[in-house]
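Below, all heavy atoms of this structure are taken into account, side chains as well, without hydrogens, waters or symmetry copies.
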Amino acid sequence: MDSSHKPRTFSPNLFFFFLLVSSNLLTFFICNTFKNSSCALYQQTYNAIANVSSLNTSIPLVVEPAANRGDDVQESNKPAADLDFPSEFLAFTSPHKLPFGFSRNFDSDEIIPPVGHPCTRFPDLLRRYMSYRVNGSCPDDELLAQKLLLKGCEPLPRRRCRPAAQKEYVEPYPFPEGFWRVPSDSSVVWTAYTCKNYECLINRKTQKGFDDCKDCFDLNGREKNRWLSTKGAGLDFSIDEVLAVKNPGTIRTGLDIGGGVATFAVRMRERNITILTTSMNLNGPFNTFIASRGVIPLYISISQRLPFFDNTLDIVHSMHVLSNWIPTTLLHFLFFDIYRVLRPGGLFWLDHFFCVGEQFEQLYLPLIESIGFNKVKWVVGRKLDRGPELNEMYLSALLEKPLKNSW
């Protein structure tokens with residue numbers, strides 16, 4: 001006789017409930033068994049970001065542990081999950097939603113502010129740099145900022161504070177008088193430098209302990225005559241000699257890489273040519289001094305991608321800076337970046353590039369020739385200031401990006 005009761009079926013809802021519980025228990029077991037697993041890293045990172053108000057936390061900030069990178073940077077020897085980034089660093093670098101939603105220009109509905117990836121390799125320095133009172137005064141920490149920048153933290157993250165400045169600032173000399181006048185000491189915050197006034201900087205050429213652009217601040221010394229005439233066994237090209245290579249008026253804008261106190265830019269400005277000058281503040285207020293002369297400083301290192309669009313500049317110049325102290329691969333990238341920003345027909349003035357004699361033929365000559373420039377002027381000579389036994393060489397070259405088929 002058949003039973004009147006139908007057999008009970010297993011409820012699908014009950015099955016999915018057991019599946020969900022099982023998966024959660026398995027995840028809990030893995031996270032607690034393997035302390036360095038990604039789930040632990042994401043959880044700690046989310047907790048750090050969640051402490052900052054009004055941030056978009058949809059994208060976690062994950063930094064590769066130093067042990068996996070194989071570098072020897074002491075500051076980054078903590079696992080990324082243990083790093084406690086400053087709240088202001090997270091406030092700046094986290095994605096920010098656009099007020100009006102998706103933008104076709106950004107191809108996104110948010111902005112992610114740029115900051116140099118190596119910044120996260122130096123959490124201790126970064127924490128000091130980003131520790132300040134919002135809407136207040138920034139710490140007087142120029143040395144710290146430059147240290148981070150030279151370690152690759154470039155660009156530095158923005159800050160929401162007012163930079164250190166002199167209490168009583170004196171207006172600069174008017175144009176063009178300011179080209180060749182030493183500005184007031186009150187234009188500089190001197191904390192970061194050995195010298196505490198311009199008189200000391202001008203006289204430091206007779207002092208020991210200074211080796212970077214030692215006599216640059218003496219505008220009545222060698223600076224007064226730079227690039228005015230051809231000399232030095234043909235290694236010293238004059239500005240007028242270089243400009244004569246092109247049609248009058250076609251050299252209008254350019255860049256001087258590592259330009260000291262921007263005397264090159266001043267000479268070009270006297271000829272109605274605008275030159276921007278890159279410079280660091282290596283034991284001297286180079287950027288402030290450049291600006292006081294009425295020309296434009298760029299506070300970037302030689303590692304930074306040049307902040308110009310392709311095929312735009314008429315001339316790029318560099319004296320002494322681009323030489324064999326730069327790692328070869330980095331130098332190769334830099335030469336190609338110079339080629340990139342020069343317009344077709346633009347000039348690259350490589351001024352007193354130095355290296356050891358055997359390096360020139362075996363390494364630097366083929367490296368420079370690989371870029372694709374045409375040689376306009378090419379002069380090789382001995383560098384004798386440290387003695388002939390070192391067999392050091394100078395190269396001064398005027399190179400042109402091809403006007404046609406430069407790609």
Handout entry: More than 12 heavy atoms of other groups within 6.0 Å of F175 CZ
Key = yes
Practice task
Sorted by first residue and then second, give each disulfide bond (SG atoms under 2.5 Å apart) pair with at least one member in residues 139-192; sequence neighbours left out.
Solution key: C119-C153, C138-C161
Problem - Side-chain touch V242/L398, heavy atoms, less than 4.5 angstrom - result: yes
Completion exercise
Residues pairing under side chain to side chain donor-acceptor pair (under 3.5 Å) where one sits in residues 161-170, two or more places apart or in two chains, turn out to be none
Handout entry: Pairwise side-chain contact, E142 with T191, heavy-atom cut-off 4.5 Å (strictly under)
Key = no
Practice task
Evaluate the side-chain proximity of V316 to V341: yes if any heavy-atom separation is below 4.5 Å, no if none is.
Solution key: yes
Practice task
Name all residues meeting the salt bridge (charged side-chain N to carboxylate O under 4.0 Å, His left out) criterion together with R226; count only those two or more places apart in sequence or in a different chain, and write none if there are none.
Solution key: E223
Completion exercise
Residue set satisfying salt bridge (charged side-chain N to carboxylate O under 4.0 Å, His left out) with D141, at least two apart, ordered chain then number -> R159
Problem - Aromatic plane relationship, H317 with W349 - under 30° parallel, 30 to 60° tilted, over 60° perpendicular - result: perpendicular
Handout entry: Under 3.5 Å donor-acceptor, S396 side chain and H352 backbone
Key = yes
Exercise for the section: List for me each residue that meets salt bridge (charged side-chain N to carboxylate O under 4.0 Å, His left out) alongside D185, sequence neighbours excluded, and say none if there are none. Expected result: none
Exercise for the section: Could you tell me the separation between the CZ atom of R158 and the CD atom of E88, rounded to the nearest 0.5 Å? Expected result: 13.5 Å
Completion exercise
Minimal heavy-atom distance between L322 and L331, with the atoms involved, is CB-CD1, 4.4 Å
Handout entry: Pairing residues for P183 by the side chain to side chain contact (heavy atoms under 4.5 Å, CB included) criterion, not counting sequence neighbours
Key = S187, Y198, F289, S292
Practice task
Step through it carefully: locate the ring centre of F106, locate the ring centre of F102, and say whether they are under 6.0 Å apart.
Solution key: no
Exercise for the section: Kindly compute the distance separating CZ (R160) from CG (N135), expressed to the nearest 0.5 Å. Expected result: 7.5 Å
Problem - Which atom of L243 lies closest to which atom of M268, heavy atoms considered - result: CD2-CE, 4.0 Å
Problem - Parallel, tilted or perpendicular: rings of F354 and Y394 (30°, 60°) - result: perpendicular
Problem - Check: K246 side chain, G345 main-chain N or O, donor-acceptor pair, under 3.5 Å - result: yes
Practice task
Go through the structure and list residues passing salt bridge (charged side-chain N to carboxylate O under 4.0 Å, His left out) with R382, not counting sequence neighbours.
Solution key: none
Handout entry: Check: E177 side chain, P174 main-chain N or O, donor-acceptor pair, under 3.5 Å
Key = no
Handout entry: Minimum heavy-atom distance P366-Q362, with the two atoms named
Key = CG-O, 3.6 Å
Handout entry: F348 six-ring centre to K401 NZ/CZ under 6.0 Å and within 45° of normal
Key = no
Practice task
Please answer whether the main-chain N or O of V321 pairs with a side-chain N or O of W325 as donor and acceptor at a distance below 3.5 Å.
Solution key: yes
Exercise for the section: Determine the interplanar angle of the F89 and F85 rings, folded into 0 to 90°, and report it as parallel if under 30°, tilted if 30 to 60°, perpendicular if over 60°. Expected result: tilted
Exercise for the section: Under the side-chain contact (heavy atoms from CB on, under 4.5 Å) rule, what do F336 and F333 come out as? Steps first, then yes or no, please. Expected result: CA-CA 5 Å; F336 265 106; F333 272 106; 5.9 Å; no
Practice task
Inspect the surroundings of CZ in R222 and state if more than 12 heavy atoms from other residues, nucleotides or ligands are less than 6.0 Å away.
Solution key: no
Problem - Check: K377 and E241 side chains under 4.5 Å, non-hydrogen atoms - result: yes
Fill in the blank from the handout: Taking every heavy atom of A192 against every heavy atom of N283, the minimum-distance pair comes out as O-OD1, 4.5 Å
Handout entry: Contacts of type side chain to side chain contact (heavy atoms under 4.5 Å, CB included), residue P297, not counting sequence neighbours
Key = N287, I290, A291
Handout entry: Test of ring centre spacing under 6.0 Å for F286 and F217
Key = yes
Problem - Within-4.5 Å side-chain heavy-atom neighbours: K97 and D109 - result: yes
Exercise for the section: Name all pairs fulfilling the ring pair (Phe, Tyr, Trp, His ring centres under 6.0 Å) condition that reach into residues 137-164, sequence neighbours left out, sorted by first residue then second. Expected result: none
Problem - Chi angles and distances behind the side-chain contact (heavy atoms from CB on, under 4.5 Å) call for F353, S323 - result: CA-CA 5 Å; F353 177 95; S323 293; 4.3 Å; yes
Completion exercise
Distance col, row L98:CG vs E110:CD, nearest 0.5 angstrom, shows 8.0 Å
Exercise for the section: Check the pair S406, R343 against side chain to side chain donor-acceptor pair (under 3.5 Å), reporting the backbone distance first and the verdict last. Expected result: CA-CA 9 Å; S406 64; R343 63 165 175 82; over 6 Å; no
Exercise for the section: Determine whether F335 and S370 make a side-chain contact, defined as any pair of heavy atoms from C-beta on separated by less than 4.5 Å. Expected result: no
Practice task
Rounded to the nearest 0.5 Å, what's the gap from CG on D256 to CG on L276? Could you check?
Solution key: 10.0 Å
Exercise for the section: Return the set of residues passing side chain to side chain contact (heavy atoms under 4.5 Å, CB included) with K375 (not counting sequence neighbours), or none when no residue passes. Expected result: L365, E369, W378, L399
Practice task
Keeping the roles fixed (side chain from S186, backbone from V170), state whether a donor-acceptor pair exists under 3.5 Å.
Solution key: yes
Handout entry: Least distance between heavy atoms, Y339 atom then P402 atom
Key = OH-CD, 3.6 Å
Exercise for the section: Dump the intermediate steps for side-chain contact (heavy atoms from CB on, under 4.5 Å) on W227 and T263, then the final yes or no. Expected result: CA-CA 9 Å; W227 302 291; T263 294; 4.0 Å; yes
Practice task
Go through the steps for N281 and Q146 under the test side chain to side chain donor-acceptor pair (under 3.5 Å), then give the verdict.
Solution key: CA-CA 8 Å; N281 290 335; Q146 184 164 266; 4.8 Å; no
Handout entry: Residues E154 and S301: side-chain donor-acceptor under 3.5 angstrom
Key = yes
Handout entry: CA sep, side-chain torsions, deciding dist, call: I273, D314, side-chain contact (heavy atoms from CB on, under 4.5 Å)
Key = CA-CA 10 Å; I273 298 169; D314 299 316; over 6 Å; no
Fill in the blank from the handout: Residues at least two apart in sequence or cross-chain that pass side chain to side chain donor-acceptor pair (under 3.5 Å) with Y364, listed by chain then number, are none
Practice task
Could you tell me which residues satisfy side chain to side chain donor-acceptor pair (under 3.5 Å) with R340, sequence neighbours excluded, listed by chain and number?
Solution key: D310, D337
Practice task
Of all the heavy-atom pairs spanning P155 and V115, show the shortest one and how long it is.
Solution key: O-CG2, 3.5 Å
Completion exercise
When rounded to the nearest 0.5 Å, the distance separating NE2 of H96 from CD1 of I111 is 8.5 Å
Handout entry: Spatial distance of atom NZ (K151) from atom CG (L149) [nearest 0.5 Å]
Key = 12.0 Å
Practice task
Determine whether more than 12 heavy atoms belonging to other residues, nucleotides or ligands lie under 6.0 Å from atom CD of E358.
Solution key: yes
Exercise for the section: Kindly indicate whether the side chain of T194, heavy atoms from C-beta on, has any atom under 4.5 Å from the side chain of R204. Expected result: no
